[in-house]
Amino acid sequence: MIRHLTRRHFIAVAVCIAPLLGAPAIAADTLKVAGIHASPVENAWNSRIHQALQSAADDGLIEYVFSEGVSGTDYARAMREYAEQGVDLVWGESYAVENEARQVAADYPDVAFLMGSSGGPSGDNFGVFGTRNHEAAYLAGMLAGTMSETNTFGSVGGYPIPEVNLLINAYRDGVKEVNPQAKFLNGFIGAWFDPPKAKEAAIAQIDAGADVIFGERIGTADGAKENNVKAIGSLIDYTDRYPGTVFANAMWHFRPTIEAIVADVKAGNPVGKDYTEFSFMKHGGNDLIFVTDGISPEAIAAMEAKRKAIKDGSFEVPIDTNEPS
């Protein structure tokens, strides 16, 4: 069952009518999960989590309610409200409210919390995760490195936090594996969801010579499309939206993380740990999708060999959290 709570309205769907709607019956031990999204759920990062939670709800693994567009000043209050409502697990993103989020968790020791965070876990009930589609970004970089005519590669990010930095750095490392002479441009737009600003940043890099742009933020591909250069998407699949422009996407799959923490909560295990590992490729947490048009068979073969090595553990993509220059 999925319910949607915003500041404007709340739609409740009773468990008793789920069978009439064709929804899966909710078992007595089904976890009640609340998601608190700082951005709209259409935002790329939030959409991947939101869709994974919806999928888990559709499969009867959890009940899911959520709020979106919650500001930092309201975030701790929203966490407390859900904890008071008796949910079993609060999902959130504590990047802007690290101290406040941990305090809320300490005040509700019987509620599990899973937060996107740049810090570590706290106590027995505050678990964290980081976004790790860097392996797919590395593979995308390997393809990109063979496709540039200017030998200049751009990237547009939100903020220079570790999770974003490592993604862009992994993309660059992939480019450099096949093109050691590559030059790089990068820009941060200071927002998680501002497509016009991301588009402007992409155009500035194209004007400076970049003809392949990695888009950590939505809007980057718009600038690439208008200027007839190539782009790479992150987190979600942009191929159909930008045919002929986006040739690869570094996908992120959050469902393995959900399944891991739900199993811990049901087993009564402490969840005060780092669940980031479940975003790695070996767990199915990220992967590359791409189109073959314009990419040489030799480049694809080299990338596929590296993907196999990542999955079998014989190669690890470096994790560099330093801010890209």
Side-chain angles (χ1 to χ4, degrees), residues 7 35-50 67-76 78 92-101 115-119 128-134 137 140-141 152-172 183-210 212-227 229 231-236 238 241-242 245-246 249-250 252 319-325:
R7 294 175 184 172
I36 307 174
H37 299 267
S39 298
V41 293
E42 292 81 11
N43 183 29
W45 187 82
N46 296 84
S47 75
R48 298 305 293 160
I49 294 159
H50 180 61
S67 303
E68 61 181 331
V70 180
S71 68
T73 55
D74 289 336
Y75 211 90
E93 44 190 295
S94 62
Y95 298 109
V97 289
E98 295 286 356
N99 293 333
E100 297 93 328
M115 294 279 159
S117 173
S118 296
V128 298
F129 70 91
T131 310
R132 292 293 185 271
N133 59 327
H134 65 299
T152 302
F153 301 82
S155 52
V156 177
Y159 294 93
I161 65 172
E163 286 78 6
V164 175
N165 294 344
L166 70 87
L167 183 65
I168 294 172
N169 287 329
Y171 157 68
R172 290 182 171 188
K183 298 172 289 185
F184 297 99
L185 302 171
N186 183 67
F188 291 105
I189 64 172
W192 292 127
F193 189 72
D194 193 337
K197 201 168 184 180
K199 177 182 176 180
E200 291 174 5
I203 292 173
Q205 293 175 18
I206 294 165
D207 288 343
V212 181
I213 310 287
F214 180 84
E216 193 269 331
R217 290 292 102 190
I218 287 178
T220 306
D222 292 297
K225 180 180 179 180
E226 286 191 7
N227 289 272
V229 304
I232 297 167
S234 179
L235 301 175
I236 63 177
Y238 293 93
R241 192 184 306 180
Y242 301 98
T245 297
V246 173
N249 298 274
W252 182 43
I319 293 179
D320 179 0
T321 61
N322 292 310
E323 181 176 342
S325 59

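Computed from a prediction, not measured in an experiment: that's the story for all the values here. Residue numbers start at 1 and run along the sequence shown. Computed from heavy atoms alone, side chains included, the values below leave out hydrogens, waters and symmetry copies.
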Ignoring hydrogens, what is the shortest heavy-atom contact between [X] and [Y]? Give both atom names and the distance.
X	Y	result
Phe129	Gly92	CE2-O, 4.1 Å
Ala224	Thr245	CB-CG2, 3.8 Å
Ala78	Val70	CB-CG1, 4.3 Å
Ala202	Thr220	CB-O, 3.6 Å
Ser155	Ile168	OG-CG2, 3.4 Å
Val128	Gly119	CG2-O, 3.8 Å

Could you grab the distance from atom [atom1] of [X] to atom [atom2] of [Y], nearest 0.5 Å is fine?
X	Y	atom1	atom2	result
Ser67	Asp74	OG	CG	10.0 Å
Leu185	Ile206	CG	CD1	10.5 Å
His37	Ile49	NE2	CD1	7.0 Å
Ile161	Leu166	CD1	CG	9.0 Å
Leu167	His134	CG	NE2	9.0 Å
Ile236	Trp45	CD1	CH2	14.0 Å

Hydrogens and angles aside, do [X] and [Y] bring a side-chain donor and acceptor to less than 3.5 Å of each other?
X	Y	result
Ser118	Glu163	yes
Glu98	Ser117	yes
Trp252	Thr131	no
Asn43	Glu68	no
Ser234	Asn133	yes
Asn165	Thr321	no

For the side chain of [X] and the backbone of [Y], is there at least one donor-acceptor N/O pair under 3.5 Å apart?
X	Y	value
Glu216	Gly158	yes
Asn227	Val229	no
Tyr171	Ile232	no
Arg217	Ala198	no

*Could you note down all residue pairs passing side chain to side chain donor-acceptor pair (under 3.5 Å) where residues 199-210 supplies at least one of them, sequence neighbours left out?*
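Checked against side chain to side chain donor-acceptor pair (under 3.5 Å) - neighbours excluded - the pairs reaching residues 199-210 are Lys199-Glu226.
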
*Determine, stepwise, if the pair Val156 / Phe188 fulfils side-chain contact (heavy atoms from CB on, under 4.5 Å).*
CA-CA 6 Å; Val156 177; Phe188 291 105; over 6 Å; no

*Yes or no on side-chain contact (heavy atoms from CB on, under 4.5 Å) for Glu93 and Met115, after CA distance, side-chain angles and deciding distance?*
CA-CA 5 Å; Glu93 44 190 295; Met115 294 279 159; 5.9 Å; no

_If the condition is side-chain hydrogen bond (donor to acceptor under 3.5 Å, both in side chains), which residues does Asp222 pass it with, not counting sequence neighbours?_
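side-chain hydrogen bond (donor to acceptor under 3.5 Å, both in side chains) check on Asp222 returns Tyr242.
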
*Only counting residues at least two apart or in another chain, list the ones meeting ring-ring contact (aromatic ring centres under 6.0 Å, His included) with Tyr159.*
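Tyr159: ring-ring contact (aromatic ring centres under 6.0 Å, His included) contacts with Trp192.
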
